[in-house]
Engineer: 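Take this structure first; my questions come after.
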Amino acid sequence: GQQLNQSPQSMFIQEGEDVSMNCTSSSIFNTWLWYKQDPGEGPVLLIALYKAGELTSNGRLTAQFGITRKDSFLNISASIPSDVGIYFCAGRGTASKLTFGTGTRLQVTL
Amino acid sequence: SAVISQKPSRDICQRGTSLTIQCQVDSQVTMMFWYRQQPGQSLTLIATANQGSEATYESGFVIDKFPISRPNLTFSTLTVSNMSPEDSSIYLCSVGGQGAGQPQHFGDGTRLSIL
């Protein structure tokens, strides 16, 4: 099935640095969601975006719904070791089902 | 958000056997979904489990291989039939997502290894 292009594929950063990742699609979506998956667990919802141009924050996380409705980005400020994990974007069109991005693996060093 | 419980959490199975995975939600939900996550990969939707009707399968997934039940608004099962090593994956149940402002939430998944 279709997957969204997510970049970068992986990041290795130092604690305290800011992180930015993005997701692009050839299709228009009405909803963008960002999830984090830790080893041995299911994806946990971080941020949900419902309108083009919307900018939403959740603590140190900020995400934006692209104005074209074909992209979204996620920023993490002042990263900490527990930010380690795999981040997935997901888009939803007119149907209820989600299309997932390829994932960004984040590793944080002290 | 709804609490989603999956059983079993993991299993090791023999080639050619079948395994049924259960998904229980602590509240009534309209939409339930089953995803597969192959090793090191992203999530791919297998099917939407509809209460009172046949599941809706995505391209590449068929009912004979992945039969699904949805007897009520809080429970669903996914069976992985006639398993082969290629079926080794994490299988995830998800709920929610109907209508605007309704994000999907996931269970912790079932880690399946086929020998």
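Note that the coordinates shown come from a computational prediction; the quantities given were computed from them, not determined experimentally. First the proteins, then the strands, lettered A, B, ... as listed; each starts at 1.
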Engineer: Is there a path of hydrophobic side-chain contacts, each under 4.5 Å between heavy atoms of I/L/V/M/F/W/Y residues, joining B:Leu78 to B:Ile4?
Structural biologist: no
Engineer: Sort out for me which of B:Gln41, B:His105, B:Gln37, B:Arg10 touches chain A most, counting heavy-atom pairs under 4.5 Å.
Structural biologist: B:Gln37
Engineer: Check whether B:Gln6 gets within reach of chain A through its side chain, its backbone, both or neither, counting any heavy atom under 4.5 Å.
Structural biologist: neither
Engineer: What is the distance from atom OG1 of B:Thr56 to atom NZ of A:Lys97, rounded to the nearest 0.5 Å?
Structural biologist: 9.0 Å
Engineer: Under a 4.5 Å side-chain heavy-atom rule over Ile, Leu, Val, Met, Phe, Trp and Tyr, are A:Phe73 and A:Phe88 clustered together?
Structural biologist: no
Engineer: Quick one: does B:Thr44's side chain get under 4.5 Å of A:Phe100's, heavy atoms only?
Structural biologist: no
Engineer: Using the rule that Ile, Leu, Val, Met, Phe, Trp and Tyr join whenever any side-chain heavy atoms are under 4.5 Å apart, tell me whether B:Ile90 and B:Val80 fall into a single cluster.
Structural biologist: no
Engineer: If we ignore hydrogens and angles and just use 3.5 Å, is the side chain of B:Asp108 paired with the main-chain N or O of A:Gly42 as donor and acceptor?
Structural biologist: yes
Engineer: With respect to chain B, which residue among A:Ala90, A:Ala48, A:Gly40 yields the maximal number of heavy-atom pairs within a distance under 4.5 Å?
Structural biologist: A:Gly40
Engineer: Can you get from B:Met83 to B:Tyr57 by hopping between Ile, Leu, Val, Met, Phe, Trp and Tyr side chains that sit under 4.5 Å apart?
Structural biologist: yes
Engineer: Against chain B, label A:Gln6 side chain, backbone, both or neither, depending on which of its atoms sit under 4.5 Å from a heavy atom there.
Structural biologist: neither
Engineer: Count the heavy atoms of every other residue, nucleotide or ligand shown that sit under 6.0 Å from CD of B:Glu54, and state whether that count exceeds 12.
Structural biologist: no
Engineer: What part of B:Tyr35 lies closer than 4.5 angstrom to a heavy atom of chain A: side chain, backbone, both or neither?
Structural biologist: side chain
Engineer: With clusters defined by side-chain heavy atoms of hydrophobic residues (ILVMFWY) lying less than 4.5 Å apart, directly or transitively, does B:Leu43 cluster with B:Phe61?
Structural biologist: no
Engineer: Taking the side chain as every heavy atom from C-beta outward, state whether A:Tyr35 and B:Gln104 have any atom pair closer than 4.5 Å.
Structural biologist: yes
Engineer: Could you tell me whether the side chain of B:Ser42 and the main chain of A:Gly103 form a donor-acceptor pair under 3.5 Å?
Structural biologist: no
Engineer: Take a 6.0 Å sphere around CZ of B:Arg111 and say whether it holds more than 12 heavy atoms from other residues, nucleotides or ligands.
Structural biologist: yes
Engineer: Return the CZ to CD distance between B:Phe106 and A:Glu41, rounded to the nearest 0.5 Å.
Structural biologist: 14.0 Å
Engineer: Using non-hydrogen atoms only, which part of B:Leu45 is less than 4.5 Å away from chain A: side chain, backbone, both, or neither?
Structural biologist: side chain
Engineer: Using the side chain to side chain contact (heavy atoms under 4.5 Å, CB included) rule, pick out the option among A:Leu49, A:Leu45, A:Leu98 that qualifies with B:Pro103.
Structural biologist: A:Leu45
